[in-house]
Visitor: 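Provided herewith is a single structure, encoded as C-alpha cells, for subsequent inquiry.
Convention: sequence-line order gives letters A, B, ...; per-chain numbering from 1.
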2 protein chains.
Amino acid sequence: MTKSRFLGEFEQYVILAVLRLDQQAYGSSIRQLLHDVIHRDVSIGALYTTLSRLEEKGLVESKMGEATAQRGGRAKKFFVVTGAGKQALQQSRQALDAMWRDVKLAFIEVAR
Amino acid sequence: MTKSRFLGEFEQYVILAVLRLDQQAYGSSIRQLLHDVIHRDVSIGALYTTLSRLEEKGLVESKMGEATAQRGGRAKKFFVVTGAGKQALQQSRQALDAMWRDVKLAFIEVAR
DNA sequence: CTATTATTACTACAATGTAGAGTATTGGTA
DNA sequence: TACCAATACTCTACATTGTAGTAATAATAG
C-alpha cells in the first residue's frame, strides 16, 4: 500500500478520458474528448502536466507509438490506466456517490 | 456571471455535507459527517479554510447561531449553500456523469 | 476566576490546476 | 539537401485548492 491520496477533480476527468479512448489515448485526443464531452478547454501543457503526475503516481502508464507517423509529426505517446488507477477512480466514485445519497431528494426540490 | 470556475474535489464534499446537514451545518458537524460517510478525516483547520473560500466565492453563506449554547462553548456558525453553490455542484455532477457514460461497461469488466 | 470544552481565525506549506513558450520529429517540396 | 509545415511532446512558472497546526475566542461549571 502506497499512501493512498485522493484524486483531484481534473485528474478524474483525465483518467476517465484515457479509459474511454481505450488504446487511442494521447495528448491531443484526450484534449479533444474533454472538449467534446464536458466542454472543458484545457491547454495542452496543462494536460501533459497532469498526465505526467498521474504516471508518477502509477495511475497511468505510457508507451511511445510507432516511430513512423502517417504524415509528419512526432511519435505519439499513448496512455493507459493501470489497475491502481482504476481502483483510485472507483474509490472517488464511491465516495461521491455516498455523499450524494439522501441529498438528491432535498436538493432537487430547490434547485430549479 | 462571475468567472465560473470548477469546484475542487474537496469543495464538492463540503458543499454536499452542508446540504445534507440542512440547518445544522457547522464546523464540527460537517467534519463528523465527512468522517462517517466517506471516512475522510480532515483537520478542523483545513475544513474552515475551505468553508471560508467557498463563502468568498458566494457558494455558501453563514450566520452565527444563538449566543447561548446548551452547555458551554462558543456560538456556532451555521452554513447554508447558496443558489450559486447548488448550481456549481450540479454542473460538476453533470460533467462527471457525462464522462462516466460509456466508461462503465468497459470499466466494470476489468476492474475486479 | 479558572479549568474545561467547543469553536473559529490565522499562518504556512504541499498538491493540484493551468497556461504559454519552446523543442523534437518527420514528410513534403523547391 | 535545406527548409518549412504539421504534429506532438517537454519545460518552466505561477494560481488555486488541499491540509495541518496552533493561537485565539467564548461560554459555563464549579
Side-chain angles (χ1 to χ4, degrees), chain A residues 2-15 17-18 21 24-32 34-35 38 40-60 62-79 88 92 95, chain B residues 2-15 17 21 24-32 34-35 38 40-57 59-60 62-79 88 92 95:
Chain A
T2 40
K3 57 170 180 180
S4 92
R5 282 241 147 282
F6 302 99
L7 288 178
E9 182 253 355
F10 185 55
E11 289 180 324
Q12 289 182 55
Y13 289 128
V14 172
I15 291 181
V18 173
L21 288 164
Q24 295 303 312
Y26 66 97
S28 200
S29 67
I30 296 171
R31 191 166 114 95
Q32 186 65 46
L34 256 18
H35 168 80
I38 60 175
R40 183 149 169 181
D41 297 299
V42 73
S43 78
I44 192 70
L47 178 56
Y48 276 110
T49 300
T50 294
L51 282 168
S52 298
R53 289 175 186 161
L54 287 174
E55 188 161 27
E56 272 171 25
K57 293 191 266 183
L59 302 178
V60 303
S62 67
K63 64 174 180 213
M64 295 310 290
E66 295 307 303
T68 310
Q70 301 299 11
R71 52 173 187 209
R74 194 170 171 175
K76 292 166 183 162
K77 189 174 185 178
F78 291 103
F79 290 86
S92 295
Chain B
T2 41
K3 57 169 181 182
S4 92
R5 281 240 150 282
F6 302 99
L7 288 178
E9 183 252 355
F10 185 55
E11 289 179 324
Q12 289 184 54
Y13 288 128
V14 172
I15 291 181
L21 288 164
Q24 294 303 312
Y26 62 94
S28 198
S29 67
I30 295 171
R31 191 167 113 95
Q32 186 65 46
L34 257 18
H35 167 80
I38 59 173
R40 183 148 169 182
D41 297 299
V42 72
S43 79
I44 191 71
L47 178 55
Y48 276 109
T49 301
T50 294
L51 282 168
S52 300
R53 289 175 186 163
L54 287 174
E55 189 161 25
E56 274 172 24
K57 291 191 267 184
L59 303 179
V60 304
S62 67
K63 64 174 182 215
M64 295 308 290
E66 294 308 304
T68 309
Q70 301 298 10
R71 51 171 190 210
R74 194 171 173 175
K76 293 165 184 165
K77 188 174 187 178
F78 291 102
F79 290 88
S92 295

Visitor: Any side-chain N or O of B/R31 under 4.0 Å from OP1/OP2 of C/dT7?
Guide: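 B/R31 to C/dT7 OP1/OP2: no side-chain N or O under 4.0 Å.
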Visitor: Indicate, with a heavy-atom threshold strictly under 4.0 Å, whether A/G45 touches base, sugar-phosphate, or nothing.
Guide: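 Answer is base: heavy atoms of A/G45 come under 4.0 Å of a base.
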Visitor: Whole angstrom is fine here: how far is it from CD in A/E56 over to C1' in C/dT16?
Guide: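 Distance, rounded to whole Å: 12 Å.
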Visitor: Which of these nucleotides, D/dG21, C/dT25, D/dT17, is closest to any side-chain atom of B/E11?
Guide: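 Looking only at heavy atoms from C-beta outward on B/E11, the closest nucleotide is D/dT17.
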Visitor: Is there a donor-acceptor pair under 3.5 Å between the side chain of A/E55 and the backbone N or O of A/S62?
Guide: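 Flag set: sc A/E55 to bb A/S62 pair under 3.5 Å.
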Visitor: Answer with base, sugar-phosphate or nothing: what part of the nucleic acid does B/L47 contact at a heavy-atom distance below 4.0 Å?
Guide: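 The residue B/L47 makes no contact with any strand.
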Visitor: Send over the distance from B/I15 CD1 to D/dT17 P, rounded to a whole Å.
Guide: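 After rounding, the reported distance stands at 11 Å.
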Visitor: Starting from P on D/dA15, measure out to CZ on B/F6 and report it in whole angstrom.
Guide: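 Computing the B/F6:CZ to D/dA15:P distance gives 19 Å.
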Visitor: If you only use heavy atoms from C-beta on, which nucleotide in D/dA20, C/dT18, D/dA8 is closest to the side chain of A/F10?
Guide: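 Between D/dA20, C/dT18, D/dA8, the one nearest the side chain of A/F10 would be C/dT18.
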Visitor: Could you tell me how far apart B/E55 (CD) and C/dC10 (C1') are, to the nearest whole angstrom?
Guide: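 That distance rounds to 16 Å.
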Visitor: With respect to the phosphate group of C/dT18, does any side-chain polar atom (N or O) of A/T49 fall under 4.0 Å of OP1 or OP2?
Guide: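 Negative; the distance criterion is not met.
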Visitor: Roughly how many Å is it from NE2 in A/H35 to C1' in C/dT18, rounded to a whole number?
Guide: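 For the pair A/H35 NE2 and C/dT18 C1', the rounded distance is 18 Å.
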Visitor: Output the distance between atom CD (A/Q32) and atom CG (A/D41), rounded to the nearest 0.5 Å.
Guide: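 So the CD of A/Q32 and the CG of A/D41 are separated by 9.0 Å.
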Visitor: Closest to the B/K77 side chain: C/dA19, C/dA9, D/dT19?
Guide: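 So the nucleotide nearest the side chain must be C/dA9.
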Visitor: Expressed as a whole number of angstroms, how long is the span from B/D41:CG to D/dG21:P?
Guide: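 For the pair B/D41 CG and D/dG21 P, the rounded distance is 12 Å.
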Visitor: Confirm from the modelled atom types if A/R53 and C/dG17 form a donor-acceptor pair under 3.5 Å, side chain to base only.
Guide: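 Yes, a donor-acceptor pair under 3.5 Å.
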Visitor: Starting from P on C/dG17, measure out to CG on A/L34 and report it in whole angstrom.
Guide: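 To the nearest whole Å, that distance equals 12 Å.
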Visitor: OP1 or OP2 of D/dT16 sitting under 4.0 Å from any side-chain N/O of B/K57?
Guide: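 It does not, given that no N or O in the side chain of B/K57 lies less than 4.0 Å from OP1 or OP2 of D/dT16.
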Visitor: For D/dA26, does either OP1 or OP2 sit under 4.0 Å from a side-chain N or O belonging to B/K76?
Guide: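 Looking at the OP1 and OP2 atoms of D/dA26, neither is under 4.0 Å from any side-chain N or O of B/K76.
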Visitor: Can a cation-pi geometry be assigned to B/R40 and B/Y13, taking NZ or CZ under 6.0 Å from the six-membered ring centre and within 45° of the ring axis?
Guide: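 Cation-pi check for B/R40 and B/Y13: fails.
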Visitor: Nearest whole Å is fine: how far is D/dT17 P from A/Q12 CD?
Guide: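 The distance from CD of A/Q12 to P of D/dT17 comes to 16 Å, rounded to the nearest Å.
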Visitor: Could you tell me the separation between the CG atom of B/L54 and the CD atom of B/E11, rounded to the nearest 0.5 Å?
Guide: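 Taking CG in B/L54 and CD in B/E11, the distance rounds to 5.0 Å.
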Visitor: If you assign each of A/I44 and B/S52 to its closest nucleotide in DNA chain C, which residue comes earlier from the 5' end?
Guide: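 This one resolves to B/S52.
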Visitor: Side chains of B/T50 and B/V42, heavy atoms from C-beta outward: is any pair under 4.5 Å?
Guide: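 B/T50 vs B/V42: side chains apart.
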